[in-house]
Amino acid sequence: QVQLVASGGGSVQPGGSLRLSCVGCGLTYSYYCMGWFRQAPGKEREGVAAIARDGTTRYGDAVKGRFTISNDNAKNTLYLQMNGLKPEDTAVYYCAAGFLQDWSQPSALGGEAYEYWGQGTQVTVSS
């Protein structure tokens, strides 16, 4: 049974940093494309960052230059380093895994092609 467990969320002040982690069980990360998505109250899900099997990354425009996605395949763990956090980054963050045939920006950050999803971790940015 596949399970993705996200952690690392919390409350920080604007300008602060957090690192999210997503540990996977029942799947081998090196076989999958992995992504981070977020959803704020009353808003649609948004693609934050994604990483392909070859290490190629995609970032949403809202987080470029501030967030960094990485993975440690040996530990089956996906990371999202978030720096320069803003109040508009407040959301529940989800990790996901999938076999993506199309690695274009819309596909990598669209979410529809991902098969497995974690439970989400809350990130709150406020002063």
Side-chain angles (χ1 to χ4, degrees):
Q1 184 177 355
V2 175
Q3 189 175 16
L4 300 177
V5 180
S7 63
S11 296
V12 295
Q13 293 186 341
S17 298
L18 283 174
R19 189 175 81 156
L20 305 184
S21 299
C22 176
V23 179
C25 299
L27 76 171
T28 302
Y29 271 26
S30 61
Y31 296 167
Y32 289 82
C33 298
M34 305 293 299
W36 286 101
F37 298 82
R38 67 186 182 186
Q39 189 163 21
K43 294 188 176 181
E44 292 188 355
R45 184 183 64 202
E46 176 186 14
V48 176
I51 186 165
R53 290 182 292 276
D54 64 359
T56 305
T57 57
R58 300 289 191 197
Y59 291 95
D61 290 341
V63 307
K64 271 181 191 173
R66 299 187 297 123
F67 291 11
T68 303
I69 188 171
S70 62
N71 57 8
D72 185 335
N73 289 332
K75 295 182 179 180
N76 249 22
T77 303
L78 178 73
Y79 301 102
L80 184 68
Q81 178 66 45
M82 305 187 294
N83 298 328
L85 283 161
K86 304 176 181 180
E88 51 264 43
D89 295 318
T90 295
V92 178
Y93 283 70
Y94 301 89
C95 56
F99 288 113
L100 271 67
Q101 301 297 323
D102 176 2
W103 190 240
S104 66
Q105 185 90 347
S107 176
L109 297 182
E112 290 78 12
Y114 290 80
E115 302 168 62
Y116 304 108
W117 291 80
Q119 87 288 2
T121 184
Q122 176 71 45
V123 172
T124 302
V125 185
S126 70
S127 54

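The basis for the numbers below is simple: all heavy atoms, side chains too, and nothing from hydrogens, waters or symmetry mates. The chain is numbered in sequence order, starting from 1.
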Undergrad: Hey, quick one: are W36 and F99 part of the same hydrophobic cluster, counting side-chain heavy atoms closer than 4.5 Å, chains of contacts allowed?
TA: yes
Undergrad: For a quick test of reading the model, state the closest non-hydrogen atom pair linking V92 to G120 and the distance between them.
TA: CG1-CA, 3.8 Å
Undergrad: Hey, could you give me the CD/CD distance between E44 and Q39, rounded to the nearest 0.5 Å?
TA: 8.5 Å
Undergrad: Distance check, rounded to the nearest 0.5 Å: Q101 atom CD versus S107 atom OG?
TA: 9.5 Å
Undergrad: Could you give the distance from CZ (R58) to NZ (K64), rounded to the nearest 0.5 Å?
TA: 9.0 Å
Undergrad: Locate the shortest heavy-atom distance separating L85 from R66; write the atom from each residue and the value.
TA: CA-NH1, 3.9 Å
Undergrad: With clusters defined by side-chain heavy atoms of hydrophobic residues (ILVMFWY) lying less than 4.5 Å apart, directly or transitively, does Y116 cluster with Y79?
TA: no
Undergrad: I'd like a table of donor-acceptor pairs (distance under 3.5 Å, sequence neighbours excluded) in which one partner is a side-chain atom from residues 5-32, with atom names and distances.
TA:
unit_1: S17; atom_1: OG; unit_2: N83; atom_2: OD1; d: 2.9
unit_1: Y29; atom_1: OH; unit_2: C22; atom_2: O; d: 2.8
unit_1: Y29; atom_1: OH; unit_2: G24; atom_2: N; d: 3.1

Undergrad: If I compare all heavy atoms of A91 with all of Q122, which pair ends up nearest, and what's the gap?
TA: O-NE2, 3.4 Å
Undergrad: CE of M34 to CG of N71: how many Å apart, nearest 0.5 Å?
TA: 7.5 Å
Undergrad: For the residue pair F37 and Y114, categorise the inter-ring angle as parallel (less than 30°), tilted (30 to 60°) or perpendicular (more than 60°).
TA: perpendicular
Undergrad: Any chance you could measure S70, atom OG, to L80, atom CG, to the nearest 0.5 Å?
TA: 8.5 Å
Undergrad: Answer yes if V123 and F67 sit in the same cluster of Ile, Leu, Val, Met, Phe, Trp and Tyr residues linked by side chain heavy atoms under 4.5 Å apart, and no otherwise.
TA: yes
Undergrad: Is there a donor-acceptor contact under 3.5 Å from the side chain of R38 to the main chain of T90?
TA: no
Undergrad: Holding to ring-ring contact (aromatic ring centres under 6.0 Å, His included), I want the full list of residues that pass it with Y94, two or more places apart in sequence or in another chain.
TA: none
Undergrad: Hydrophobic cluster membership, with links at side-chain heavy-atom distances under 4.5 Å among I/L/V/M/F/W/Y: are V63 and I69 in one?
TA: yes
Undergrad: Shortest non-hydrogen contact from G35 to L78?
TA: O-CD2, 3.9 Å
Undergrad: What is the minimum heavy-atom distance between W117 and G111, and which atoms define it?
TA: CZ2-O, 3.4 Å
Undergrad: As an exercise, state the distance from CD1 of I51 to OH of Y59, rounded to the nearest 0.5 Å.
TA: 7.0 Å
Undergrad: Go through the steps to decide whether K86 and D89 satisfy the test salt bridge (charged side-chain N to carboxylate O under 4.0 Å, His left out), and finish with yes or no.
TA: CA-CA 5 Å; K86 304 176 181 180; D89 295 318; over 6 Å; no
